[in-house]
Number of protein chains: 2
Amino acid sequence: MNLQQLRYICAVERQGLSISLAAASLHTSQPGVSKQIHLLEEELGVRIFERSGKRLIGVTAPGRIILAQAKEVLRDVQNIKQVGTEFTNEITGSLSIATTHTQARYTLPKAIKKFTQRYPQVNLHIHQGNPTQIAAMVEQGEADIGIATEALARHQGLVVLPCYQWNRCVVAPPGHPVLKEKPLTLKALARYPIVTYDFAFAGRSLINQAFEAKGLKPNIVLTALDSDVIKTYVELGLGVGLLARMAFEPARDKNLRMVDAAHLFAASTTYIAVRRGMFLRGYWYAFIELFAPHLTRAAVDKALQTPSPL
Amino acid sequence: MNLQQLRYICAVERQGLSISLAAASLHTSQPGVSKQIHLLEEELGVRIFERSGKRLIGVTAPGRIILAQAKEVLRDVQNIKQVGTEFTNEITGSLSIATTHTQARYTLPKAIKKFTQRYPQVNLHIHQGNPTQIAAMVEQGEADIGIATEALARHQGLVVLPCYQWNRCVVAPPGHPVLKEKPLTLKALARYPIVTYDFAFAGRSLINQAFEAKGLKPNIVLTALDSDVIKTYVELGLGVGLLARMAFEPARDKNLRMVDAAHLFAASTTYIAVRRGMFLRGYWYAFIELFAPHLTRAAVDKALQTPSPL
DNA sequence: GACGCTTACGTTCGTCGTAACTATT
DNA sequence: AATAGTTACGACGAACGTAAGCGTC
């Protein structure tokens, strides 16, 4: 067995069970890949891929396990290479962040700006997704760091660090009657059509819980995947918006008025997550600290439970 | 980078930073090992080992991380090979269990007997140690399964499953006054010299807590690493023994009398642990179920959170 | 001077690419 | 007939072992 063979089987799976595509993606010849896979299967004594004659049509039961382990191996190998570059070249590399719209749009920019100034040679990638996708991306090694409010903590393979707490607010066009409800109550809110986040997002379950606890049924007329869509429809007069406090910017949102709703719903916590056992480049720590100043390198290392031997 | 290079650096570390010994242990030539290590260091751009001239005298900071990751890789590769043998040859292989004296001596034998009858071709190893050592062995991959009452749950890298609960008992030579204390109380017990487990073991902390809660200071005259030593010294009249209920066997321990102490101390739970992300051979599941019948394959898989795709 | 690591060199084996072949759709 | 995978073969390169060299202790 060698690393190349593991790369080959992973590529074949990734390319939809095509040896030709896998070979192309790895810039090598198709017969080479074919042969190495056969050699590996022979050595292990099991077929990894199901075949119909000569075509690959699926993954066998042992193949699924082997592929999962092979990915682990390749990730760790990647980690070892990272260690090399970290110690020879601290300031170059890449950082791939998976996050939600709200974070990407309203809370990350400040940290990103400082980061790119300080590490201009780091290649930064930001992937947008819902919390479940984000957790999966970090767990699979497709993203280095995940930032989201939900779902992260449920994953065993992730180390999750709390960043900050936030509350919700209600927005409406100027003159809307909800703005005169003082103090604003859930009961009052339930009388208006509501525009808020999709269920997969940002503590949406907390919103439902708060209404349910009072025996109220909110009239949710539109659920969106991001704060900007919510604001757009509120401006159109579709209803009152219920969104993250940090997503309201008085300077920009001149067509809207905001009422704090911190007293109506439980606060949500935004977390940052990295894969357990991952080697963290120095600038990863730097980014985390820029985003959440209390998460110093020491604090992160402690949470990783495997104190960095640096 | 290739797997051989990773095997080499791990062997060098394991053999106490000796390239010659590492080469010997891997049945290869010493110059080959030397060269591959240099090639790896060159490729990564960092020194893994500290050198004084030509001798290895230590591990560098990046080297420590690289070695840790390399061990991960080799474990996963081992796992892949296991998958092969599991599917071609379900009944042969090896199983390495790390456990404490009390488990090895009193609770495991029944399961082991059934297991060896059912899987005569499985090579069984039992390593004895204290709970901390057991957790470390499983986490490092030196043992496949760990069984102990403490310490396991604190390790992130382990999946821990509860097996059974047990209580303590007091033993003393026939005619000893403690046997007439009815009902037996902590206060009464505190009047006698006590022989019990070392602090690293078997809920020893629970014993201290129970006494402390009543403001009592037990007179512990001897702490032992195993139940047999405790019984031996109790037979010699050194004091009363406080040990696990299952460690008292009326048929064997004819020179001792036992009083149940379940009402005096909180019950302890014995756990079984495997490394997270490990591929479990079929007979591992069988062993676990023989030891703790409620831990069926389905129950174990569920706890592993990564449902076996078998 | 003995031990331990490195360099040098030649052989062997494994890997990869091209080309021809075969099977599936 | 076209597409996808396998077999065959030859060239290159990597890895290993032996032998000699060099630096430490």
Side-chain angles (χ1 to χ4, degrees), chain A residues 1-60 63 66-67 70 73-74 77 80-81 84, chain B residues 1-60 63 66-67 70 73-74 77 80-81 84:
Chain A
M1 187 188 321
N2 58 44
L3 293 174
Q4 202 71 325
Q5 292 170 335
L6 301 183
R7 284 192 199 100
Y8 286 174
I9 59 171
C10 287
V12 167
E13 191 201 26
R14 196 171 339 112
Q15 301 292 334
L17 300 176
S18 162
I19 292 186
S20 322
L21 289 178
S25 80
L26 294 164
H27 310 294
T28 183
S29 74
Q30 183 259 21
V33 175
S34 176
K35 186 169 185 193
Q36 289 304 317
I37 292 177
H38 279 272
L39 282 173
L40 178 60
E41 290 184 324
E42 194 184 336
E43 179 183 344
L44 296 177
V46 287
R47 313 231 85 171
I48 294 169
F49 298 105
E50 306 237 21
R51 291 172 172 80
S52 150
K54 292 189 169 181
R55 312 233 163 170
L56 307 192
I57 55 165
V59 178
T60 64
I66 291 168
L67 280 164
V73 169
L74 297 179
V77 166
I80 291 178
K81 290 185 180 164
Chain B
M1 187 188 322
N2 57 45
L3 293 175
Q4 201 72 324
Q5 293 170 334
L6 301 183
R7 283 190 200 103
Y8 287 174
I9 59 171
C10 288
V12 167
E13 192 201 26
R14 196 169 341 111
Q15 301 292 333
L17 300 176
S18 162
I19 293 186
S20 322
L21 290 177
S25 80
L26 294 164
H27 309 293
T28 184
S29 75
Q30 181 260 17
V33 175
S34 175
K35 186 170 186 191
Q36 289 304 316
I37 292 176
H38 279 271
L39 282 173
L40 178 61
E41 290 185 324
E42 194 184 336
E43 179 182 346
L44 296 176
V46 288
R47 312 232 85 170
I48 295 170
F49 297 106
E50 306 239 21
R51 292 171 173 79
S52 152
K54 294 190 168 179
R55 312 230 163 172
L56 307 192
I57 55 162
V59 178
T60 63
I66 291 168
L67 280 164
V73 169
L74 297 180
V77 166
I80 292 178
K81 291 187 180 162

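All chains are named by letter (A, B, ...) in the order of the sequence lines, taking the proteins before the strands, and each is independently numbered beginning at 1. Values below: all heavy atoms of this structure, side chains included; hydrogens, waters and symmetry mates excluded.
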Expressed as a whole number of angstroms, how long is the span from [X]:[atom1] to [N]:[atom2]?
{"X": "I57(A)", "N": "dT25(C)", "atom1": "CD1", "atom2": "C1'", "value": "13 Å"}
{"X": "Q4(B)", "N": "dG14(C)", "atom1": "CD", "atom2": "C1'", "value": "13 Å"}
{"X": "H38(B)", "N": "dT6(C)", "atom1": "NE2", "atom2": "P", "value": "3 Å"}
{"X": "Q15(B)", "N": "dG4(C)", "atom1": "CD", "atom2": "P", "value": "13 Å"}
{"X": "F49(B)", "N": "dG4(C)", "atom1": "CZ", "atom2": "P", "value": "17 Å"}
{"X": "Q5(A)", "N": "dT15(C)", "atom1": "CD", "atom2": "P", "value": "7 Å"}
{"X": "E42(B)", "N": "dT6(C)", "atom1": "CD", "atom2": "P", "value": "13 Å"}
{"X": "L56(B)", "N": "dC3(C)", "atom1": "CG", "atom2": "C1'", "value": "14 Å"}

Taking the nucleotide of DNA chain C with the closest heavy atom to each, which residue, R55(B) or P31(B), is nearer the 5' end? R55(B)

Do you know the tightest heavy-atom contact between [X] and [Y]?
{"X": "R7(B)", "Y": "L26(B)", "value": "O-CD1, 4.3 Å"}
{"X": "Q5(B)", "Y": "M1(B)", "value": "OE1-CA, 3.1 Å"}
{"X": "R47(A)", "Y": "T60(A)", "value": "O-OG1, 2.7 Å"}
{"X": "K81(A)", "Y": "L44(B)", "value": "CA-CD2, 4.0 Å"}
{"X": "E41(B)", "Y": "F49(B)", "value": "OE2-N, 3.2 Å"}

Need one value for [X]: base, sugar-phosphate or nothing, where a base atom within 4.0 Å counts as base even if backbone is also close, heavy atoms only.
{"X": "S20(B)", "result": "sugar-phosphate"}
{"X": "Y8(A)", "result": "sugar-phosphate"}
{"X": "G53(B)", "result": "sugar-phosphate"}

Taking OP1 and OP2 of [N], is either one under 4.0 Å from a side-chain nitrogen or oxygen of [X]?
{"X": "N2(A)", "N": "dT15(C)", "result": "yes"}
{"X": "R51(B)", "N": "dT6(C)", "result": "yes"}
{"X": "S52(A)", "N": "dT24(C)", "result": "no"}

Could you work out which one of dT22(C), dG4(C), dC16(C) sits closest to the side chain of K35(A)? dC16(C)

Taking dT6(C), dC16(C), dT15(C) as options, the one with an atom nearest any side-chain atom of L39(A) is dT15(C)

For the CG atom of L17(B) and the CD1 atom of I57(B), what is their distance to the nearest 0.5 Å? 9.0 Å

[X] vs [Y] side-chain heavy atoms within contact, under 4.5 Å:
{"X": "T28(A)", "Y": "Y8(A)", "value": "yes"}
{"X": "E43(A)", "Y": "L39(A)", "value": "no"}
{"X": "V12(A)", "Y": "V33(A)", "value": "yes"}

Extract, from 5' to 3' on DNA chain D, the first and final nucleotides lying under 4.0 angstrom from some heavy atom of chain A. dT3(D) to dT7(D)

End-to-end axis angle, where each axis spans five pairs of the helix from dG1(C)-dC25(D) to dT25(C)-dA1(D), to 10°: 30°

Does G32(B) offer a backbone N or O that forms a donor-acceptor pair with the side chain of S29(B) under 3.5 Å? yes

